[in-house]
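The block underneath contains the structure these notes are about, expressed in structure tokens.
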Amino acid sequence: MAILLIHGGAGTIRERYRAAYAAGLRAAVDAGHVALTAPASDDAPRALRAVLAAVTSMESNPDAFNAGVGGALTRDGAVELDACVMLSGAGAGAVAGVTNTPNPVLLADLVRRATPHVLLIGAGAEALVADPVPNEALITEKSRAALELWRMGAEEQLEQPAAHGPTGSNTVGAVALDDEGHLAAATSTGGRTGQWRGRVGDAPLPGLGTYADELVAVSCTGKGEAFMEAVTAGKLAAALEAGVPLEEALRRALAGVARRGGDGGIIAVTADGQVGVAFDSPHMAYGVAAPGVDVAEVATAPFVKVLRPG
Ligand code: ASP
């Protein structure tokens, strides 16, 4: 069975951006689905090609999403991108703090394929970018406006901490199962609007924000610090391995994040073809392409859902 599941971040997605998010999700689902259902080739498993196609589509979208082009800005107005790719039986690659490419997910896959390492940061990762771009090329009006909002919120926060809400949805991700049983996961993020320079979240860290093994592929989005401390993706995989049903494992994963003061969303696909989507933030952008299922939407009320397509 071939299944693709994507997310465009969980958090607060302002109403005026929702149509652009829905269109961006649709384009990414379609791009990923084409790769997932193309003829098999020796180059790369279709699950991997599908998650890379879906994530690069969202990274390159200047109208929606806050990864790649339009990535969330640090407090001093720079874009620092993190990404991870993981493939069942073929390891992980990741980059963090990258400032010179719109598609850090492709750089993460290069680290996986072409280096003896899993994670490269900053200048070391940037040196591998074939066509570097200036950081300003990654900044959009929307990301500037989000930083302005954050600045206003941060000022308010000094007076009234409870008034400062979530800083938006800043991550994109995809998980896929292909006809040959390969599972792949990819996540790409600008981090959190207003973050310190050099801050790294859960997205590029295998087992925290991104994970794939022979049983499940997982991609997370939300307050990275809480997802890191909760070891979210790895614990979800461990729960499934111990026989916990996917729905319960997703609930436990979000509860673990909530206990550490965070919220957000998780997508997961299992080797036996179950599709899981869960979030407890105000909104989550997600999409699914599977036999009999075709979704691309911004969900506006939290849920934990498990589908068994086909
Ligand atoms: N998890 C990401 C991070 O903390 C941000 C997000 O998903 O909104 O970097």
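As the structure lists them, so they are numbered: ligands from 1, and atoms in each ligand from 1. These numbers come from a predicted model, not from an experiment.
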Would you mind running through ligand 1 and noting each atom that sits below 4.0 Å from a heavy atom of [X]?
{"X": "Asp202", "answer": "1 (N), 2 (C), 3 (C), 4 (O)"}
{"X": "Gly191", "answer": "5 (C), 9 (O)"}
{"X": "Thr221", "answer": "6 (C), 7 (O), 8 (O)"}
{"X": "Arg192", "answer": "4 (O), 5 (C), 6 (C), 8 (O)"}

_As an exercise, state the distance from CD of Glu241 to CG of Asp213, rounded to the nearest 0.5 Å._
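Rounded to the nearest 0.5 Å, the CD-CG separation comes to 6.5 Å.
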CD1 of Ile266 to NE2 of His7, rounded to nearest 0.5 Å, is 9.5 Å
By side chain to side chain donor-acceptor pair (under 3.5 Å), Thr221 pairs with (sequence neighbours left out) none
Does any N/O atom on [X] come nearer than 3.5 Å to any N/O atom on ligand 1?
{"X": "Gly222", "result": "yes"}
{"X": "Gly224", "result": "yes"}
{"X": "Lys223", "result": "no"}
{"X": "Asp82", "result": "no"}

Contact region, Arg199 to ligand 1, non-hydrogen atoms below 4.0 Å, reads side chain
Per the salt bridge (Lys or Arg N to Asp or Glu O under 4.0 Å) rule, what does the pair list look like for residues 79-103, sequence neighbours excluded?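 Sorted pair list: Glu80-Arg197.
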Next item on the list: Could you tell me whether the side chain of Arg46 and the main chain of Ala38 form a donor-acceptor pair under 3.5 Å?
Entry: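 Yes: the side chain of Arg46 pairs with the backbone of Ala38.
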Notebook entry, point to check: Under the ring pair (Phe, Tyr, Trp, His ring centres under 6.0 Å) criterion, do Tyr17 and Phe65 qualify, and how do the steps go?
Noted result: CA-CA 9 Å; Tyr17 297 130; Phe65 314 118; over 10 Å; no
Run the salt-bridge test on Arg252 and Glu247 with the 4.0 Å N-O cut-off and return the result as yes or no.
no
